Amino acid sequence: MSSRLLIPLYLIVTLLPLMLAALGAREPRSLRDELASGAGMLAFSILLAEFVLSGRFRAVSGRIGMDATMRIHQLIARTALALALVHPFLYAAPAGPARPWDPTRALTLTGEVEALWSGILAWVLLPVLVGLAMVRGRPTYRYETWRILHGLGALAVAALVLHHTLSAGRYAADPALAGLWIALFAVAAGSLFWVYLVDPLLRARRPWRVRAVEPVALRSWEVTVEPVGHAGLAYRAGQFAWLTVGRGPFSKNEHPFSIASAPSEGPALRFLVKELGDFTDTVGRIAPGSPAYVDGPHGNLTLEGRDEPGVAMIAGGIGVAPLFGILREMRLSDDPRPRVLIYANREQAQIIHREELAREDARAEAEVIHVLSEPPEGWSGETGFVDEAMLRRHFGGPDRAGWLFVLCGPPPMLEAVEGALRRMGVPGRRILSERFDYE
Amino acid sequence: MSEWFRRMGPRRRQTLAWWLINAVTLAALLAFALRG
């Protein structure tokens, strides 16, 4: 499924209860009463959808990225909060006991405390939940304890709202809508159960161990992990995985890292990690032998099913990691197709595995082109940034027509390169790209 | 349209997606309330 379908899919799921209510047999009431009920229903469906947008549910975050998922989750929480806060105040109908001549509650609101206590409690707790998340700020969402508290708090609010909806909701008196609410709640609670319980247990049964942590360039490290008592990961070159290592800061910060090794190398996985001024700065202190957990593989930056006559790889900085995987797999599997790697860095000391790339460049079917924006004296490679002129110089010839372009790097670079490729007439289906926003 | 969307930074794109979701949600709420 494409990431572009996520917004329509999201809207369908969150608007489904409202649509079902509109199609039900209940007669509409005054505009204010209908706005109030509609706002309440929307707040609840958005709240339930937030569980799946929690950033830990990889069906979503694996597609649009962890950072984007977290931000959308935070933004949409404000919408749910606003709808929930206005919900009780929009009603115009008076509260009171059910009247025998009004079985569908078109004239009065439920006033019984037994039916309203859960709604009132949720109405108080939801702002606390959202407010605490906003006050605690962005960096804290990484910590496991905070996540668990936030998740359990959200589950409590959702359970209270479910009780309120089923006991006081006029439209939820319809068994179809009641069933839908219960099903959506079950999916939300189930996703939490999966992320916090089932997934960690499954991973614990497939442990990994750090074999080596080696510096490979300026502030860049290669972390090699090996499976303990199992066959390893069934992945394709170019994919990424969530990596958790040891008991230090790294263990609290699951982060996606591209796999730089090739499946044909064996079961050990090599990850390239760049120090970015956060928990990644501790990577050099990871001791060999530390326990590790790998969740993956994810991502579609692979050559599987691609039959283009050649492969052009363009990397910026640490974005070279998945391209190392692809280069190595092509070599180990004797892929005869010509390939070119354009590898851009700021300075020479940032080039990872320079000797291996030199050996690769010496092969007849491979070419490695280094680009430095701050080249040293006597530098003979390319300089500046990867632009249209450079791309035309290397890929404009008829012998390299119809090639596949595989890009990985920081977003500004990718946007520039993708734009240049499109101006060169390369169709989107021949461009695979993966951005990393970790800087 | 898609070119313009692609050129935006990720943060602005996320904010735009949020407002798009809000607009559709509010339109659906109004349609629901006004259906009578």
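Proteins come first, then strands; the chains are lettered A, B, ... in the order of their sequence lines, and each starts at number 1. Since we're looking at a predicted model, the values are computed, not measured.
- Using a 4.5 Å cut-off between heavy atoms, Met19(A) makes no contact with chain B at all.
- With a threshold of 4.5 angstrom between heavy atoms, Leu75(A) approaches chain B through its backbone and through its side chain.
- The CD1 atom of Ile76(A) sits 8.0 Å away from the OG1 atom of Thr25(B) when rounded to the nearest 0.5 Å.
- Annotation: side-chain hydrogen bond (donor to acceptor under 3.5 Å, both in side chains) contacts of Arg78(A) (sequence neighbours excluded): none.
- In plain terms, the two heavy atoms of Ala39(A) and Leu29(B) that are nearest each other are N-CD1, 3.4 Å.
- At a heavy-atom cut-off of under 4.5 Å, chain B is reached by Arg26(A), Pro28(A), Leu31(A) from residues 23-31 of chain A, listed in order of number.
- Across Thr14(A), Leu42(A), Asp33(A), the residue that shares the most heavy-atom pairs under 4.5 angstrom with chain B is Leu42(A).
- Listed by chain and number, the residues in a side-chain hydrogen bond (donor to acceptor under 3.5 Å, both in side chains) with Trp18(B) are Thr79(A) (sequence neighbours excluded).
- Rounding to the nearest 0.5 angstrom, the gap separating the CG atom in Leu35(A) from the CG atom in Leu26(B) is 10.0 Å.
- Tyr10(A) meets the ring pair (Phe, Tyr, Trp, His ring centres under 6.0 Å) test with no other residue; sequence neighbours excluded.
- In this structure, chain B has a heavy atom under 4.5 Å from the side chain of Leu15(A), while its backbone stays farther away.
- Contacts of Ala416(A) with chain B are absent, with no heavy-atom separation under 4.5 Å from either backbone or side chain.
- When all heavy atoms are compared, the tightest approach of Phe32(B) to Ala21(A) is CE1-CB, 3.8 Å.
- Looking at heavy atoms from C-beta onward, Thr15(B) lies in side-chain contact with Arg71(A) at the 4.5 angstrom threshold.
- Side-chain contact between Ile46(A) and Ile21(B) is absent, with no heavy-atom pair separated by less than 4.5 Å.
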